[in-house]
Amino acid sequence: MPLRPIVTLPDEKTLREVSKPVATVDSDVKKLWDDMLETMYRAPGIGLAAIQVGVPRRLIVIDLAKDGEEKKPLFVANPEVTWASEAQSDYEEGCLSIPEYYEMVTRPAEIKVRYLDRQGEAMELHATGLMATCLQHEIDHLNGVLFIDHISRLKRERVLKKFQKAQKLGKL
Ligand code: GNR
Ligand code: NI
């Protein structure tokens with residue numbers, strides 16, 4: 001089952017789940033990462049959390065390579081932010097679980113993240129720029145947090161209503 005369907009709003013029951021750590025990086029984890037990566041490339045997107053394919057595990061894939069560039073997938077398990085800069089940065093975010101909606105989000109400009117890599121080894125990564133933004137966006141997913149939680153309540157409720165209404169009308 002390589003390509004998996006992406007969970008979108010209004011399915012908050014799934015998207016608000018808090019994902020559980022993986023005990024070990026085993027073949028099941030690697031298979032899920034591979035399916036997630038394929039699903040993300042196809043979407044296309046630059047990051048994906050396991051809960052976005054309905055699996056409540058603390059697993060992420062990211063690839064910031066542009067079209068035509070060599071792919072460089074990053075496989076992340078059980079990430080923990082160990083440091084965040086005081087300096088903030090603004091980036092216009094989108095989410096595969098909130099199709100066709102984009103809004104500016106302010107987050108720490110740089111972070112350090114401890115995680116397990118594809119070999120199951122503990123790693124620490126210092127992320128800046130788009131990588132810092134994307135990692136924070138994905139780690140939020142593991143905690144049931146969406147980027148619309150970082151914007152105004154008015155905008156958030158408008159988006160949630162739009163997706164609820166679209167589903168009622170059979171348009172999702
Ligand atoms: O593909 C994606 N693009 C993106 C752009 C700005 C900030 C975050 C992202 S992540 C998103 C894919 C996604 O929904 N990951 O959870
Ligand atoms: Ni997302």
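Atoms within a ligand are numbered from 1 in the order they appear, just like the ligands themselves. What you see below is based on every heavy atom in this structure, not just the backbone, and it leaves out hydrogens, waters and symmetry mates.
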Kindly check if the number of other-residue, nucleotide or ligand heavy atoms within 6.0 Å of CZ (Arg42) is above 12?
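No - once you tally the heavy atoms of other residues, nucleotides and ligands closer than 6.0 Å, there are 12 at most.
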Is any N or O atom of [X], backbone or side chain, closer than 3.5 Å to an N or O atom of ligand 1?
X	answer
Gly47	yes
Cys134	no
His137	yes
Glu138	yes
Gly94	no

Test item: Arg114 side-chain N/O and Glu80 main-chain N/O as donor-acceptor pair under 3.5 Å
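Absent.
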Side-chain (Arg4) to main-chain (Met36) donor-acceptor, under 3.5 angstrom:
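Between the backbone of Met36 and the side chain of Arg4 there is no qualifying donor-acceptor contact (under 3.5 Å).
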Could you list which atoms of ligand 1 come closer than 4.0 Å to a heavy atom of [X]?
X	answer
Gln52	13 (C), 14 (O), 15 (N), 16 (O)
Cys95	14 (O)
Gly45	1 (O)

Could you check whether the rings of His126 and Trp83 sit parallel, tilted or perpendicular, using 30° and 60° as the cut-offs?
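Rings of His126 and Trp83: perpendicular, as their planes differ by over 60°.
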Chi angles and distances behind the side-chain contact (heavy atoms from CB on, under 4.5 Å) call for Leu125, Leu135:
CA-CA 10 Å; Leu125 168 70; Leu135 267 167; 3.6 Å; yes
No-hydrogen, no-angle side-chain donor-acceptor test under 3.5 Å, Thr106 and Gln88
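Per modelled atom types, Thr106 and Gln88 side chains form no pair under 3.5 Å.
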Polar side chain donor-acceptor pair, Asn78 to Arg57, under 3.5 angstrom
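The criterion, which ignores hydrogens and geometry beyond distance, is not satisfied for Arg57 and Asn78.
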Among Asp34, Asp28, Asp35, find the residue that satisfies the salt bridge (charged side-chain N to carboxylate O under 4.0 Å, His left out) test when tested with Lys31.
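Option passing the salt bridge (charged side-chain N to carboxylate O under 4.0 Å, His left out) with Lys31: Asp35.
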How does Glu93 reach ligand 1, by side chain, by backbone, by both or by neither, if only non-hydrogen atoms under 4.0 Å count?
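Looking at Glu93 and ligand 1, atoms from backbone and side chain both fall under 4.0 Å.
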When you look for heavy atoms under 4.0 Å from ligand 1, do you find them on the side chain of His141, its backbone, both, or neither?
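Contact part for His141 vs ligand 1: side chain (C-beta onward).
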Could you tell me the residue and atom name of the protein heavy atom closest to atom 14 (O) of ligand 1, and the distance to it rounded to 0.1 Å?
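Going atom by atom, the protein heavy atom closest to atom 14 (O) of ligand 1 ends up being Leu96 N, 2.8 Å.
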Any idea which of Leu64, Ile46, Ile6, Leu130 brings a heavy atom closest to atom 4 (C) of ligand 1?
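Among Leu64, Ile46, Ile6, Leu130, the closest heavy atom to atom 4 (C) of ligand 1 belongs to Ile46.
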